[in-house]
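Just so you know, ligand 1 is whichever comes first in the structure, and atom 1 is the first atom listed for that ligand. Given the structure is predicted, the values throughout are model-derived calculations rather than measurements.
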Amino acid sequence: MISTKAYAAPSAKRSLQPYQLERRDPRPDDIVIEVAFCGICHSDIHTARGEWGPTSYPCVPGHEIVGKVIATGKKVAGFKIGDLAGVGCFVDSCGRCPSCKRSDEQFCKKHTAYTYNSTEMDGQTPTQGGYATHIVVREKYTHHIKKGVPLDRVAPLLCAGITTYSPLKRYKVGKGHRVGVVGLGGLGHMAVKIAKALGAHVTVFSTSPKKERDARRLGASEFVISSDPHYFESLTGTLDLILDTVSAKHDFTPYLATLKNDSTMVLLGAAPEPSELLASSLIMGRKRLAGSLIGGLRETQEMLDFCFRKKIYCDVEVIPASQINEAYERTIKGDVKYRFVIDATTF
Ligand code: NAP
Ligand code: ZN
């Protein structure tokens, strides 16, 4: 077993604390990664605090992981010691069902082993995430990270990057498309950068007036303060696609009004509470409200290679592990530019 220092949530109500865990010895198709950086996603917070339903404690969150390969199982062909690897939101799946065959492993019919608060394919062994010095993962469920890229700024691509890239590709965003991004946090700032790189005209909807300058620097052409739907009026019927990244309950109706007919608003933010929806906000204009969950293995590698080619990296604040709890509080307040990333040498 590989003795690993980590940080874990001991219960929904208590802050994260130093924690020791044992990673398995590498099986023939495993790689052992010495974690360099792990991003703090709002999903980590929802899970650590039990906001999405029961969490299995102690819980080591973290699914935006990059690091160096320090050992490989004997059947590993794609990585050698010293290579860089990334791990996102899941670490295993059946590999045989229709979803896995399409590389939609996040929707495996049998079981998707999420990176934390889940179980391995045996349905029993708890998975523990990337707020840790090491992680052991099947080679197939890891990603290749190019040498020379800024690893701290690459880590959040493994969740925030793929979660926003996937719907932008699915809805074929390209030159001249008008894309709305709701919420300028970890996901939102990557949505702006990637949509802009695809040629879109980006409008940010934010509750934080002080983020306007950043939104424009990140690539937005327009910035709308979302606290008053009155500000949306000039945008009625203008947008081709909206990505909603808000982490708390809010009203979808004013955003739907800004869509063109037959266009789609994609929910990415996973507020723990349900929202109400007036049917006519979709009926009028034949609009669609959709969702999207991260992306599969193939698309995640495609996103990474796209970002490496275009030099699209996350805007991060690197912190030592001892500041994780403070980072949670600041993330909830929207006070992060735009992703906290833990330096794994500080566990
Ligand atoms: P984040 O960094 O905290 O960003 C969320 C942003 O939402 C905030 O910066 C804020 O932006 C806005 N916001 C927060 N509370 C709000 C409220 N009460 N009303 C209106 N706006 C509010 O979080 P994140 O890591 O980007 O994650 C966002 C959400 O996506 C979370 O629910 C997370 O669990 C979910 N998620 C989903 C997937 C998926 O696959 N679908 C993947 C990863 C994360 P402004 O200051 O600009 O208003
Ligand atoms: Zn995430």
Side-chain angles (χ1 to χ4, degrees), residues 38-49 51-53 61-65 86-90 104-107 112 114-117 129-131 155-168 170 180-193 202-215 218 220 223-229 231 243-252 254-255 266-273 275 290-296 299-300 303 314-317 327-341:
C38 182
I40 295 182
C41 175
H42 207 117
S43 302
D44 302 351
I45 304 175
H46 290 311
T47 307
R49 299 189 172 184
E51 293 171 357
W52 282 339
H63 57 206
E64 296 183 334
I65 304 162
V87 181
C89 298
F90 55 88
D104 267 339
E105 295 85 357
Q106 72 277 33
F107 302 127
T112 302
Y114 288 100
T115 306
Y116 61 80
N117 194 36
Y131 295 7
L157 295 176
L158 274 306
C159 175
I162 183 58
T163 301
T164 50
Y165 178 87
S166 180
L168 289 167
R170 171 161 300 272
V181 174
V182 188
L184 195 66
L187 264 57
H189 94 289
M190 289 316 298
V192 174
K193 289 191 187 204
V202 181
T203 299
V204 166
F205 297 90
S206 172
T207 59
S208 311
K210 60 180 188 310
K211 292 183 183 171
E212 174 163 5
R213 194 189 298 173
D214 284 343
L218 295 165
F223 182 86
V224 179
I225 296 167
S226 55
S227 48
D228 185 350
Y231 295 126
L243 300 187
D244 184 336
T245 74
V246 173
S247 51
K249 181 179 174 174
H250 60 292
D251 185 4
F252 306 141
Y255 301 102
V266 184
L267 301 181
L268 300 175
E273 313 83 15
S275 295
S292 189
L293 178 69
I294 45 174
E299 196 174 38
T300 302
M303 174 278 308
C314 308
D315 286 25
V316 300
E317 292 188 44
Y328 274 27
E329 294 307 323
R330 283 185 52 200
T331 301
I332 291 163
K333 282 193 232 141
D335 175 24
V336 48
K337 293 190 167 184
Y338 275 87
R339 195 57 131 192
F340 286 112
V341 172

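- Heavy-atom contacts from other residues, nucleotides or ligands closer than 6.0 Å to CZ of R170 number 12 or fewer.
- Listed by number with element, the atoms of ligand 1 under 4.0 Å from a non-hydrogen atom of G269 are 29 (C), 30 (O), 32 (O), 35 (C).
- Of all the heavy atoms of H42, the ones lying under 4.0 Å from any atom of ligand 1 are found in both the backbone and the side chain.
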### Task
Decide yes or no on side-chain contact (heavy atoms from CB on, under 4.5 Å) for L218 and L184, but give the supporting numbers first.
CA-CA 10 Å; L218 295 165; L184 195 66; 4.2 Å; yes
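- Here the shortest heavy-atom distance to atom 44 (C) of ligand 1, taken over G334, S43, A160, G39, belongs to S43.
- Looking only at distances, no side-chain donor or acceptor of S206 sits under 3.5 Å from a matching main-chain atom of G183.
- Using a distance-only test at 3.5 Å, with no hydrogens or angles considered, no donor-acceptor pair links the side chain of Y255 to the main chain of L243.
- Close contacts between ligand 1 and T245 involve ligand atoms 5 (C), 28 (C), 29 (C) [criterion: under 4.0 Å to a heavy atom].
- When only non-hydrogen protein atoms are considered, atom 17 (C) of ligand 1 lies nearest to A248 CB, 3.9 Å.
- Not one N, O or S atom of H42 sits under 2.8 Å from the Zn ion (ligand 2).
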### Query
What's the verdict on side-chain contact (heavy atoms from CB on, under 4.5 Å) for D44 and T331, showing C-alpha distance, side-chain angles and the deciding distance?
CA-CA 11 Å; D44 302 351; T331 301; over 6 Å; no
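- Aromatic ring pairs are classed by plane angle as parallel below 30°, tilted from 30° to 60° and perpendicular above 60°; the pair Y131 and Y328 is perpendicular.
- Note on ligand 1: R339 sits in its first shell, one or more heavy atoms being nearer than 4.0 Å.
- A donor-acceptor pair under 3.5 Å links the side-chain atoms of T115 to the main chain of G88, judged by distance alone.
- In this structure, atom 26 (O) of ligand 1 lies nearest to the protein heavy atom L187 N, 2.8 Å.
- The protein heavy atom nearest to atom 42 (C) of ligand 1 is T163 OG1, 3.3 Å.
- Taking every heavy atom of C159 and a limit of under 4.0 angstrom, the matching atoms of ligand 1 come to 42 (C), 43 (C).
- Within ligand 1, the atoms closer than 4.0 Å to a non-hydrogen atom of I294 are 39 (C), 40 (O), numbered from 1 in the order shown.
- When all heavy atoms are compared, the tightest approach of C159 to H63 is SG-NE2, 3.5 Å.
- Of all heavy-atom pairs between A160 and G186, the closest is CB-O, 3.7 Å.
- Ligand-side atoms of ligand 1 in range of L293: 40 (O), range being under 4.0 angstrom from any heavy atom.
- Residue T207 has at least one nitrogen or oxygen atom sitting less than 3.5 Å from a nitrogen or oxygen atom of ligand 1, judged on distance alone.
- Atoms of ligand 1 lying under 4.0 Å from any heavy atom of K211, numbered from 1 in the order shown and given with element: 9 (O), 11 (O), 45 (P), 46 (O), 47 (O).
- Nearest non-hydrogen protein atom to atom 11 (O) of ligand 1 is L184 N, 3.2 Å.
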### Query
Would I40 and R330 satisfy side-chain contact (heavy atoms from CB on, under 4.5 Å), going step by step from the backbone distance to the final call?
CA-CA 11 Å; I40 295 182; R330 283 185 52 200; over 6 Å; no
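- Contact annotation: F340 has no heavy atom less than 4.0 Å from any atom of ligand 1.
- Of all atoms in ligand 1, listed by their number and element, those nearer than 4.0 Å to a heavy atom of G183 are 11 (O), 47 (O).
- Minimum heavy-atom separation, A191 to L168: O-CD1, 4.0 Å.
- Residue contact check for ligand 1: H46 places a non-hydrogen atom closer than 4.0 Å to it.
- Proximity of a side-chain donor or acceptor of E64 to a complementary backbone N or O of A155 within less than 3.5 Å is not detected.
- Every atom of ligand 1 is numbered from 1 in the order shown, and the set under 4.0 Å from a heavy atom of S206 is 45 (P), 46 (O), 47 (O), 48 (O).
- Polar contact check, V246 against ligand 1: no nitrogen or oxygen pair lies under 3.5 Å apart.
- With hydrogens and angles ignored, the 3.5 Å screen pairs no side-chain donor or acceptor of S275 with any backbone N or O of K249.
- Taking the six-membered ring where tryptophan is involved, the planes of F252 and H250 are perpendicular, since the angle between them exceeds 60° and thus also 30°.
- Taking distance alone, with nitrogen or oxygen atoms compared against 3.5 Å, G188 stays at or beyond that limit from ligand 1.
- In summary, no N, O or S atom of C89 is located under 2.8 Å from the Zn ion (ligand 2).
- In this structure, atom 4 (O) of ligand 1 lies nearest to the protein heavy atom G185 CA, 3.4 Å.
- Ranking protein heavy atoms by distance to atom 35 (C) of ligand 1, first place goes to L268 O, 3.6 Å.
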